[in-house]
Amino acid sequence: LIPTMNFRLAQPAVLVDLNRIVELAYVKPTDEGGVRIGAMTRQRAIELDPLVAERAALVHETMPHIAHPQIRTRGTFGGSMAHADPAAELPAVALTLGARFRVRGPEGERDVEAGNFFLGLLTTVIEPGELLTEVVIPPLPARTGVAFDELARRHGDFALVGVAVSVTLSPDGCCEEARIGLLSVGDGPTLATEGSAVLRGNELTEALIEEAARVAAEADIDPPTDIHASAAFRRHLARVLIGRVLRRARDRAVATLEY
């Protein structure tokens, strides 16, 4: 909020402090095997929560990449989602996992799928008078591996490119489903739909992973050029990172197979 006010992107007449609403800070299991995270839950609490580590492995792996411990101690899970910074890790992870957002306002509550929640640069579907109260992370399917990685100039800086991956294998070891989420490559979190399509129904060989990474970097993203990196360099980073993270997710998925 403070940076957007400094840049005059936000000029609120009134600021409302949510810190004392303890009911919005929690981590709870869902009956289906997922996890519910209250919007005011501190990022550091999520990083250390054993239920998150057990049921939301991709979230758990991503948390240490976010800024620094001092910031994670104050930053909230829902705050990152509602702010919708294109360089933020958690929106890309939520998109990759197919998370569900609960929004509450004077007219009641509504649930929004991650694919419909983020609209663009610092913009979500939250309307004036509404509040994000909860994010639901669904359980991972059987035979699924996840992984996250990013590249920044220094640890804690905004990432030049970040990649979150979920890979589900069929019993015979072929790719049943794949989702590749990216950050810092557009106006918001991005799903690499074309790159993911290359993987489905096929054995995840090194050559196929390289092809999927190439397609995603060329067809799925429209990275910006700024003082930190050119668009061409971000495409190169995306291709390298997608390949790296896909291999890690594949190997983790293979480890769950029963032979």
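Nothing fancy with the numbering, it's 1 onward along the sequence. The analysis underlying the following values was restricted to heavy atoms, covering all of them including side chains, and did not include hydrogens, waters or symmetry mates.
Here the closest heavy-atom approach between residue His83 and residue Thr4 is recorded as CE1-CG2, 3.3 Å. The nearest pair of heavy atoms linking Ala231 to Pro223 is CB-O, 3.4 Å. For Val135 against Met81, the heavy-atom pair with the smallest separation is CG2-CG, 4.4 Å. The nearest pair of heavy atoms linking Ala114 to Gly98 is CB-C, 4.5 Å. Nearest heavy-atom pair across Ala213 and Gly243 is CB-N, 3.9 Å. The two residues Pro171 and Leu257 have their closest heavy-atom pair at O-CD2, 4.4 Å.
For the atom pair CD of Glu150 and NE2 of His65, the computed distance is 6.0 Å after rounding to the nearest 0.5 Å. Here CZ of Arg153 is found 9.5 Å from CG of Leu151. Values are rounded to the nearest 0.5 Å. Atom CG of Leu90 sits about 7.0 Å away from atom CD1 of Ile46, to the nearest 0.5 Å. Atom CE of Met40 and atom CG of Leu131 lie 9.0 Å apart (nearest 0.5 Å).
Linking ILVMFWY residues whenever their side-chain heavy atoms come closer than 4.5 Å, directly or via other members, places Val146 and Leu51 in the same cluster. Cluster annotation: Leu182 is connected to Leu199 through the hydrophobic network of ILVMFWY side chains, with a link wherever side-chain heavy atoms come within less than 4.5 Å.
At least one side-chain heavy atom of Leu1 sits less than 4.5 Å from a side-chain heavy atom of Leu15. Between Glu127 and Glu107 the shortest side-chain heavy-atom distance does not fall below 4.5 Å. Looking only at side-chain heavy atoms (C-beta outward), Arg102 and Val136 stay at 4.5 Å or farther from each other. Taking the side chain as every heavy atom from C-beta outward, Val163 and Leu246 never approach each other to under 4.5 Å. Side-chain contact between Arg42 and Arg74 is present, with heavy atoms from C-beta onward closer than 4.5 Å. Side-chain atoms of Leu183 and Pro189, non-hydrogen and from C-beta on, never get closer than 4.5 Å to each other. The closest side-chain heavy-atom distance from Val165 to Thr96 is not below 4.5 Å.
Not a single donor-acceptor pair under 3.5 Å links the side chain of Glu109 to the backbone N or O of Val103. Side chain of Arg234 to backbone of Ser184: a donor-acceptor contact under 3.5 angstrom is found. Without hydrogens or angle criteria, Arg235 side chain to Ile221 main chain gives a donor-acceptor distance under 3.5 Å. With hydrogens and angles disregarded, no donor-acceptor distance shorter than 3.5 Å links the side chain of Asp222 to the backbone of Gly186. Side chain of Thr256 to backbone of Ala253: a donor-acceptor contact under 3.5 angstrom is found. Judged by distance alone, with hydrogens and angles left aside, the side-chain atoms of Arg250 form no donor-acceptor pair with the main-chain N or O of Val167 at under 3.5 Å. Between the side chain of Arg247 and the backbone N or O of Ile209 there is no donor-acceptor pair closer than 3.5 Å. A donor-acceptor contact shorter than 3.5 Å links the side chain of Arg55 to the backbone of Thr30. Judged by distance alone, with hydrogens and angles left aside, the side-chain atoms of Thr41 form a donor-acceptor pair with the main-chain N or O of Tyr26 at under 3.5 Å. In this structure, the side chain of Glu177 does not engage the main chain of Thr168 through any donor-acceptor pair within 3.5 Å.
Between His68 and His155, the angle of the ring planes goes over 60°, which puts this pair in the perpendicular group of the 30/60° scheme.
Counting non-hydrogen atoms of neighbouring residues, nucleotides and ligands closer than 6.0 angstrom, the CD atom of Glu218 exceeds 12 such neighbours.
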### Task
Applying side-chain contact (heavy atoms from CB on, under 4.5 Å), run through Val59 and Phe148 and close with a yes or a no.
CA-CA 9 Å; Val59 174; Phe148 178 89; over 6 Å; no
### Task
List the steps and the verdict of side-chain contact (heavy atoms from CB on, under 4.5 Å) for Arg214 and Glu210.
CA-CA 6 Å; Arg214 182 193 66 79; Glu210 285 295 323; over 6 Å; no
### Message
If you apply the rule side-chain contact (heavy atoms from CB on, under 4.5 Å), what do you find for Leu191 with Ser196, and how did you get there?
### Response
CA-CA 9 Å; Leu191 270 184; Ser196 299; over 6 Å; no
### Message
Evaluate Cys175 against Asn202 for side-chain contact (heavy atoms from CB on, under 4.5 Å), listing each step before the verdict.
### Response
CA-CA 5 Å; Cys175 179; Asn202 297 303; 5.7 Å; no
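The side-chain contact (heavy atoms from CB on, under 4.5 Å) test with Phe118 singles out one residue from Thr124, Thr190, Val125, and that residue is Thr124.
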